[in-house]
Amino acid sequence: VRFTASGKTVDGYVGGKPKDVLEELRDITSGEAPYAIFVVHEIDKTTKDYGLASGGWGPKIQDTFIGWSEAELVTLDSKINDRPRTIHTRNITFLYDGAFLSGNNGSLQAIAGERGGKRVGFATEADVVQQKKNTGLTVNDLIEYGMKEEWSGRIAMIAPLHPHSVDSLITILKNPKSSPLEGFADTFEAKGYSLEVKTEVLRVIAEACSVKTGARALDQICNHLFFEIEYDPKLYAADDNTITITEELARKLLEDYQRE
C-alpha cells in the first residue's frame, strides 16, 4: 500500500486523506487486522502548513500516523449494514521516506551535519564513501527538522539512503522491470521495428544522469536519446528494420542534452 503525503489532507479539508488508503486496504482484505506494509512518501512535507494557521493539514497528518503506529482501531467512512467499517493497524508496518531538504531549521543534512559531518538526501558520488561511514541519524534530528516528538519517537529505525552510482543506474537499465528502455522497445515494435541497444550505451546513459535527480533522470535522458529516432525511425533502421543504438550514436544524440 502506498501513500504520498504531499498533496493530501485530513478530515475537515478538501482532498484525499490517509484514511482513504485504509479504505482501499480494507476492500482487498477479509480480516479486520490485515498484514500489510504501508509506504508513506514525502513525510517531510507534513512539517509545513503552507500558509494555513497552526494545526493545518501537515501536523494533522502527523497526528494521524501517531495514532496508527500505536496499533489503533480506525473507524472508516464506509459502512456495512449501516454500521461503519473498522480496520486495526496492529499488523501494519509503516515505512516513511522523504527528501528532507527544507525544514524548520534547514535541511536534515545540515542539521545532522552539525553533529559530525553526516550527509543525507541527495549528494555527489564522492560523498558515498563518507555516508557509508556516517549513516547515523537521531530522533532529535527529525524533531529539529519539524516532525512531532510523538511521531519521531515511534519510528523504530532511521536510515539515510545513498545516491545512485553510475553502476547502480546501469543495473536499473538492465532490469526489464525497471528499465525505461523496455518502453521504447515496445514502441518501436508497434511501429514494425526492433530495437538493439549496445551494452556500452548503458554507461553513456547512466553517466549523463544528474546526481540530484538520480534514477528519475533515466526517463528524461532516454526520451532525449530517442526523440529524433521516434520522429523518423526509418532513417536509423537497417534493411531488416533493426534500429541499433551504438555508443557513438548515443553520444551524438545526447550531445545537446549534456551541453545543457
Side-chain angles (χ1 to χ4, degrees), residues 1-13 15-22 25 33-75 87-123 127-128 130-163 212 214:
V1 180
R2 294 181 181 273
F3 172 77
T4 301
S6 177
K8 296 300 187 295
T9 184
V10 288
D11 292 323
Y13 294 89
K17 51 186 179 290
K19 193 185 291 186
D20 294 341
V21 183
L22 290 186
L25 179 59
Y35 287 86
I37 298 175
F38 198 135
V39 183
V40 186
H41 299 298
E42 301 181 355
I43 64 166
D44 50 312
K45 304 293 180 60
T46 67
T47 63
K48 297 181 179 295
D49 280 344
Y50 295 96
L52 296 176
S54 179
W57 72 264
K60 284 184 179 292
I61 286 182
Q62 291 196 44
D63 289 337
T64 295
F65 284 107
I66 288 171
W68 292 2
S69 61
E70 280 291 290
E72 181 178 74
L73 182 65
V74 181
T75 300
I87 187 170
H88 208 291
T89 62
R90 65 175 176 267
N91 295 324
I92 298 177
T93 297
F94 292 93
L95 300 180
Y96 308 105
D97 68 41
F100 291 94
L101 296 177
S102 56
N104 295 343
N105 297 296
S107 70
L108 190 57
Q109 172 181 308
I111 293 170
E114 292 179 0
R115 291 192 299 99
K118 298 175 180 61
R119 297 180 63 84
V120 298
F122 299 119
D127 295 318
V128 174
Q130 184 66 22
Q131 284 182 329
K132 288 180 179 178
K133 293 180 181 178
N134 301 316
T135 56
L137 289 171
T138 70
V139 170
N140 287 338
D141 295 330
L142 297 177
I143 295 171
E144 187 173 348
Y145 186 85
M147 291 180 60
K148 291 190 174 185
E149 296 180 10
E150 300 89 338
W151 193 15
S152 301
R154 286 170 170 80
I155 298 177
M157 184 178 295
I158 305 170
L161 302 180
H162 305 311
K212 292 184 178 181

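Heavy-atom basis, side chains included; hydrogens, waters and symmetry copies ignored.
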Is the shortest side-chain heavy-atom distance between [X] and [Y] below 4.5 Å?
X	Y	answer
Phe65	Val40	yes
Met147	Ile43	yes
Leu22	Ile92	yes

Considering non-hydrogen atoms only, spot the tightest contact between [X] and [Y] and give its length.
X	Y	result
Arg154	Ser69	CD-OG, 3.2 Å
Val74	Trp68	CG2-NE1, 3.3 Å
Asn91	Pro34	CB-O, 3.4 Å

Atom pair [atom1]/[atom2] of [X] and [Y] - distance to nearest 0.5 Å:
X	Y	atom1	atom2	result
Thr64	Lys19	OG1	NZ	8.0 Å
Trp151	Leu142	CH2	CG	9.5 Å
Arg90	Tyr35	CZ	OH	8.0 Å
Ile87	Leu25	CD1	CG	4.0 Å
Ile155	Leu95	CD1	CG	10.5 Å

Side-chain donor or acceptor of Gln62 paired with backbone N/O of Lys148 under 3.5 Å: yes
Checking Asp97 side chain against Glu42 main chain: does a donor-acceptor pair fall under 3.5 Å?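 A pair under 3.5 Å: yes.
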Test side-chain contact (heavy atoms from CB on, under 4.5 Å) applied to Leu108 and Asp44, step by step: CA-CA 10 Å; Leu108 190 57; Asp44 50 312; over 6 Å; no
I need the single residue from Val139, Asn140, Ile158 that forms a side chain to side chain contact (heavy atoms under 4.5 Å, CB included) with Ser152. Which is it?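 One option only clears the test, and that one is Val139.
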Fit a plane to each ring of Phe94 and Tyr96, take the angle between them on a 0 to 90° scale, and name the class: parallel (under 30°), tilted (30 to 60°) or perpendicular (over 60°).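 Answer is parallel, since the angle falls under 30°.
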